[in-house]
Amino acid sequence: MRIRLVATTAVAAGALTALSAVPAQAAEYDSALKIRGIQYDAPGSDSNRCSGGNTAEEYLTIKNYSRSTTVNLKGYVVKDAAGNKFTFTASHTLQPGDYVKLRGGNGSDSDTKNVVYRDNCNFMWNNDKDTIYVYKPSGSRADVHSYTRSGSDADRNGYITYHD
């Protein structure tokens, strides 16, 4: 009986070692649309005034990584950990390899300049840490990434790249 217990314990310990040696992986979602990067901290002092503020300098870049599928952003939702959200209410198509910058502040959306404005002068992303969620119109998750200033932004420039 003791030999069986020792053997079982050794097998269990080996399995535990094998499991702990496997690095944790971020969830990879089946979506052509992914977060390319985020300017979570606008350059300069934060000023969320609609006139003269710098919320437009804070942006999220979303890219269509498909090789053949065009994606219409209408109905996609971008949220942060606190529940702040933006819904793409208008049609905005991304060809394969194309991207859009979702900027804070007010401005004119432009397909040719690859920009959509949130029409909100408040900053959406926290400067110390946050989580970014992108949801498809169906409600399923397209992508998610978390960051911390100290752990994710080695050069401390306020910009983090997720997918090249």
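These numbers come from a predicted model, not from an experiment. Residue indices begin at 1 and follow the sequence shown. Heavy atoms only: backbone and side chains are in, while hydrogens, waters and symmetry mates are out.
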- Message: Among Arg36, Lys34, His145, which residue satisfies the side chain to side chain donor-acceptor pair (under 3.5 Å) criterion with His163?
- Response: His145

- Note on the structure: Closest heavy-atom pair, Asn72 versus His92, reported as atoms and distance to 0.1 Å, is OD1-N, 3.2 Å

- Task: Kindly work out whether a path of hydrophobic side-chain contacts (I/L/V/M/F/W/Y, heavy atoms less than 4.5 Å apart) joins Val144 to Leu60.
- Result: no

- Query: Counting distance only, does the side-chain N/O of Ser66 pair as donor-acceptor with the main-chain N or O of Ser68 below 3.5 Å?
  - Reply: yes

- Atom CD1 of Ile62 and atom CG of Leu73: how far apart are they, to the nearest 0.5 Å? 6.5 Å

- Which heavy atom of Glu58 sits nearest a heavy atom of Ala42, and at what distance? N-CB, 4.1 Å

- State which residues pass ring-ring contact (aromatic ring centres under 6.0 Å, His included) with Tyr147; sequence neighbours excluded, sorted by chain then number. Tyr40

- Okay, side chain of Asn64, backbone of Gly97: is any donor-acceptor separation there less than 3.5 Å? no

- Task: Check whether any side-chain heavy atom of Thr69 lies under 4.5 Å from a side-chain heavy atom of Pro96, and answer yes or no.
- Result: no

- Query: Does Asp143 use its side chain to pair, donor to acceptor, with the backbone of Ile35 at less than 3.5 Å?
  - Reply: yes

- Smallest separation among heavy atoms of Thr131 and Ser146, with atom names: OG1-OG, 2.7 Å

- Return the orientation label for the Tyr133 and Tyr135 ring planes: parallel under 30°, perpendicular over 60°, tilted otherwise. parallel

- Item | Selection residues 97-109 - residue pairs positive for side chain to side chain donor-acceptor pair (under 3.5 Å), sequence neighbours left out | Asp98-Asn114

- Please check if Ile38 and Val77 belong to a single hydrophobic cluster, counting links between Ile, Leu, Val, Met, Phe, Trp and Tyr side chain heavy atoms closer than 4.5 Å. no

- Task: Share the residues that join Tyr117 in a hydrophobic cluster, the rule being Ile, Leu, Val, Met, Phe, Trp or Tyr side chains under 4.5 Å apart at the heavy-atom level.
- Result: Val115

- Message: Running the 4.5 Å side-chain criterion over Ile, Leu, Val, Met, Phe, Trp and Tyr, what cluster does Tyr59 land in, apart from itself?
- Response: Tyr159

- Over 12 foreign heavy atoms within 6.0 Å of NZ, Lys129: no

- Message: Please evaluate residues Arg118 and Leu102 with respect to the criterion side chain to side chain contact (heavy atoms under 4.5 Å, CB included), reporting the C-alpha separation (whole Å), side-chain torsions for both, the decisive distance (0.1 Å), and the verdict.
- Response: CA-CA 7 Å; Arg118 291 191 305 111; Leu102 175 59; 3.6 Å; yes

- Are Ile132 and Phe123 joined in one hydrophobic group, where the rule is that I, L, V, M, F, W and Y side chains link up if heavy atoms are under 4.5 Å apart? no

- For the residue pair Tyr76 and Val71, establish whether any side-chain heavy-atom pair is separated by less than 4.5 Å. yes

- Message: My understanding is that only residues two or more places apart in sequence, or in another chain, count here; which of them pass side-chain contact (heavy atoms from CB on, under 4.5 Å) with Asp41?
- Response: Asp46, Asn127, Arg149

- Task: Find the distance between NZ (Lys74) and OG1 (Thr93) and round it off to the nearest 0.5 Å.
- Result: 12.5 Å

- Message: Whether the side chain of Asn126 engages the backbone of Asp128 through a donor-acceptor N/O pair (distance < 3.5 Å, no angle test) should be reported.
- Response: no

- Message: Nearest 0.5 angstrom please: Ile160 CD1 to Trp125 CH2, how far?
- Response: 11.5 Å

- Return the set of residues passing salt bridge (Lys or Arg N to Asp or Glu O under 4.0 Å) with Asp153 (not counting sequence neighbours), or none when no residue passes. none

- Query: Would Phe88 end up clustered with Met124 when hydrophobic side chains under 4.5 Å apart are linked, directly or stepwise?
  - Reply: yes

- Query: Is there a donor-acceptor pair under 3.5 Å between the side chain of Asn84 and the backbone N or O of Asp80?
  - Reply: no

